[in-house]
Colleague: 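I am attaching a structure below and will ask some questions about it afterwards.
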Amino acid sequence: MRFPRLVSALSVILGLSLGAPACAQSGSFEAYMQQVAAKARSEGVSEGTIANVLYTLTPNDRVIALDRDNVSSGGSVSGFPPLAPYLRDHNTSARINAGRRVYAQLQPLAARVEAQYGVPAPILIAIWGHETSYGAVRGNFDLPRSLATLAWEGRRRELFERELIDVLKIADSGVPRSTLVGSWAGAFGNPQFLPSVYLRLAVDGDGDGDRDIWTSEADTLHSIANYVRDAGWRPGQPWGV
């Protein structure tokens, strides 16, 4: 899923100070793309995808600015932000009402997914609503360009280089470049999966041969349920203790 807030929190937990360098480039963008190309090639990405996707990219200054802002406004290292304002801002009446409509429309499908994965249907719908307002807000950043920019920037190169290679694998599998858009931090689709999560956990829920988390309601709900189950969901226990 998108989880830029989670990544920011983890960076604090891992001891990354707010005063850390915003950039750590060790060379030109073009030279770095050559390094990534070699790694992608060694993992089976085709020359066509490397040429048509990777070698067409340029840095996105807007992405770098957003990433720097995400660090500088990441909150105190001594505690957590208050929960009440977060709930007020995110659990709006519009989101809740839309969720009720979606749940009513998809209840038979959601019930089947719940029976298969053990994750309650209302939670699946709520996650979808929180991530993208049920598919209405999925982001419009070019994913390969954003991930290449963040990897080259260097602050979290290990994370974003892996995601860049994985989005090349997704392109290599036949997903159109025009579909590969999402958040500035590289998440996409209805559940806002990162490329590595898509490759590992996205599910073809409707059996048509594609793992379409952009337009297929079945694939979206199956994939969210698979993600939550993989993260350790245990049926019959409360969601928070």
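Values below: every heavy atom of this structure, side chains too, minus hydrogens, waters and symmetry copies.
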Colleague: Suppose we screen for side-chain hydrogen bond (donor to acceptor under 3.5 Å, both in side chains). Which residues come up paired with Ser173, at least two apart in sequence or across chains?
Modeller: none
Colleague: If you look at every heavy atom in Thr92 and Arg88, which pair is closest and at what distance?
Modeller: CG2-O, 4.1 Å
Colleague: I need the minimum non-hydrogen distance between Arg138 and Gly189, along with the two atoms involved.
Modeller: CD-C, 3.5 Å
Colleague: What is the distance from atom CG of Asp142 to atom OG1 of Thr58, rounded to the nearest 0.5 Å?
Modeller: 9.0 Å
Colleague: So, for Pro191 and Glu131, which heavy atoms are closest and what is the spacing to 0.1 Å?
Modeller: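 Heavy atoms only, the tightest pair is O-CG, 3.7 Å.
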Colleague: Rounded to the nearest 0.5 Å, how far apart are CG of Asp166 and CG of Leu194?
Modeller: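 Nearest 0.5 Å value for the CG-CG distance: 9.5 Å.
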Colleague: With sequence neighbours excluded, tell me which residues meet salt bridge (Lys or Arg N to Asp or Glu O under 4.0 Å) with Arg95.
Modeller: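 For Arg95, no residue satisfies salt bridge (Lys or Arg N to Asp or Glu O under 4.0 Å) once neighbours in sequence are set aside.
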Colleague: Given Leu164, which partner from the list Val53, Leu147, Leu150 fulfils the side chain to side chain contact (heavy atoms under 4.5 Å, CB included) test?
Modeller: Leu147
Colleague: Taking only residues two or more places apart in sequence, or in another chain, which ones meet Phe29 in a ring-ring contact (aromatic ring centres under 6.0 Å, His included)?
Modeller: Trp152
Colleague: With distance as the sole test, does Ser183 use its side chain to make a donor-acceptor pair with the main-chain N or O of Ala187 at under 3.5 Å?
Modeller: yes
Colleague: Indicate every side-chain donor-acceptor pair of residues 106-124 with a distance under 3.5 Å to a residue at least two apart or in another chain.
Modeller:
{"from": "Glu114", "atom 1": "OE1", "to": "Ala121", "atom 2": "N", "distance (Å)": "2.9"}
{"from": "Tyr117", "atom 1": "OH", "to": "His222", "atom 2": "ND1", "distance (Å)": "3.1"}

Colleague: List for me each residue that meets side-chain contact (heavy atoms from CB on, under 4.5 Å) alongside Ala98, sequence neighbours excluded, and say none if there are none.
Modeller: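 Only Arg101, Tyr134 meet the side-chain contact (heavy atoms from CB on, under 4.5 Å) criterion with Ala98.
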Colleague: Can you measure from CG (Asn190) to CD1 (Ile127) and round to the nearest 0.5 angstrom?
Modeller: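 Output value for this atom pair is 13.0 Å.
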Colleague: Using the test salt bridge (Lys or Arg N to Asp or Glu O under 4.0 Å), find all partners of Asp210 that sit at least two apart in sequence or belong to another chain.
Modeller: none
Colleague: Can you name the nearest heavy-atom pair linking Tyr32 to Ala151, along with the distance?
Modeller: OH-CB, 3.4 Å
Colleague: Would Leu201 end up clustered with Trp214 when hydrophobic side chains under 4.5 Å apart are linked, directly or stepwise?
Modeller: yes
Colleague: Any side-chain heavy-atom pair from Asn226 and Arg229 closer than 4.5 angstrom?
Modeller: yes
Colleague: Could you give the distance from OG (Ser146) to CG (Asp67), rounded to the nearest 0.5 Å?
Modeller: 10.5 Å
Colleague: For Leu143, give me all partners under side-chain contact (heavy atoms from CB on, under 4.5 Å), at least two apart in sequence or on another chain.
Modeller: Val167, Leu180, Phe188
Colleague: Within the structure provided, determine whether Arg211 and Tyr198 are in side-chain contact (heavy-atom separation under 4.5 Å).
Modeller: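 Yes - at least one pair of side-chain heavy atoms lies under 4.5 Å apart.
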Colleague: Go through the structure and list residues passing side-chain hydrogen bond (donor to acceptor under 3.5 Å, both in side chains) with Thr215, not counting sequence neighbours.
Modeller: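 Thr215 satisfies side-chain hydrogen bond (donor to acceptor under 3.5 Å, both in side chains) with Asp212 only.
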Colleague: Can you see which heavy atom on Gly205 is nearest to which on Asp219, and at what distance?
Modeller: N-OD1, 2.7 Å
Colleague: According to side-chain contact (heavy atoms from CB on, under 4.5 Å), who are the partners of Asp172, at least two apart in sequence or on a separate chain?
Modeller: Val45, Ser46, Thr49
Colleague: For the atom pair CG (Leu57) and CE (Met33), what is the distance rounded to the nearest 0.5 Å?
Modeller: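 One gets 6.5 Å once the value is rounded to the nearest 0.5 Å.
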Colleague: What residues form a salt bridge (Lys or Arg N to Asp or Glu O under 4.0 Å) with Glu158, not counting sequence neighbours?
Modeller: none
Colleague: Side-chain heavy atoms nearer than 4.5 Å, only ILVMFWY residues, links allowed to pass through others: does that put Leu199 and Leu54 together?
Modeller: yes
Colleague: Answer whether the closest heavy-atom distance between the side chains of Glu161 and Lys39 falls below 4.5 Å.
Modeller: yes
Colleague: So does Arg177 have more than 12 non-hydrogen atoms from other groups sitting under 6.0 Å from CZ?
Modeller: yes
Colleague: Between Glu30 and Tyr55, is there a side-chain donor-acceptor contact under 3.5 Å, judged purely by atom types and distance?
Modeller: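 Checked: Tyr55/Glu30 side chains show no N/O donor-acceptor pair below 3.5 Å.
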Colleague: Can you give me the closest heavy-atom contact between Leu221 and Trp128, atom names plus distance?
Modeller: CD2-CE3, 4.0 Å
Colleague: Atom CG in Leu168, atom CD in Glu163: separation rounded to 0.5 Å?
Modeller: 11.5 Å
Colleague: Is there side-chain contact between His90 and Tyr86, with heavy atoms separated by less than 4.5 Å?
Modeller: yes
Colleague: side-chain contact (heavy atoms from CB on, under 4.5 Å) with Ser223: which residues, sequence neighbours excluded?
Modeller: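 Applying side-chain contact (heavy atoms from CB on, under 4.5 Å) to Ser223 gives Phe193, Ala202, Val203, Ile213.
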Colleague: Listed by chain and number, what are the salt bridge (Lys or Arg N to Asp or Glu O under 4.0 Å) partners of Glu43, not counting sequence neighbours?
Modeller: Arg162, Lys169
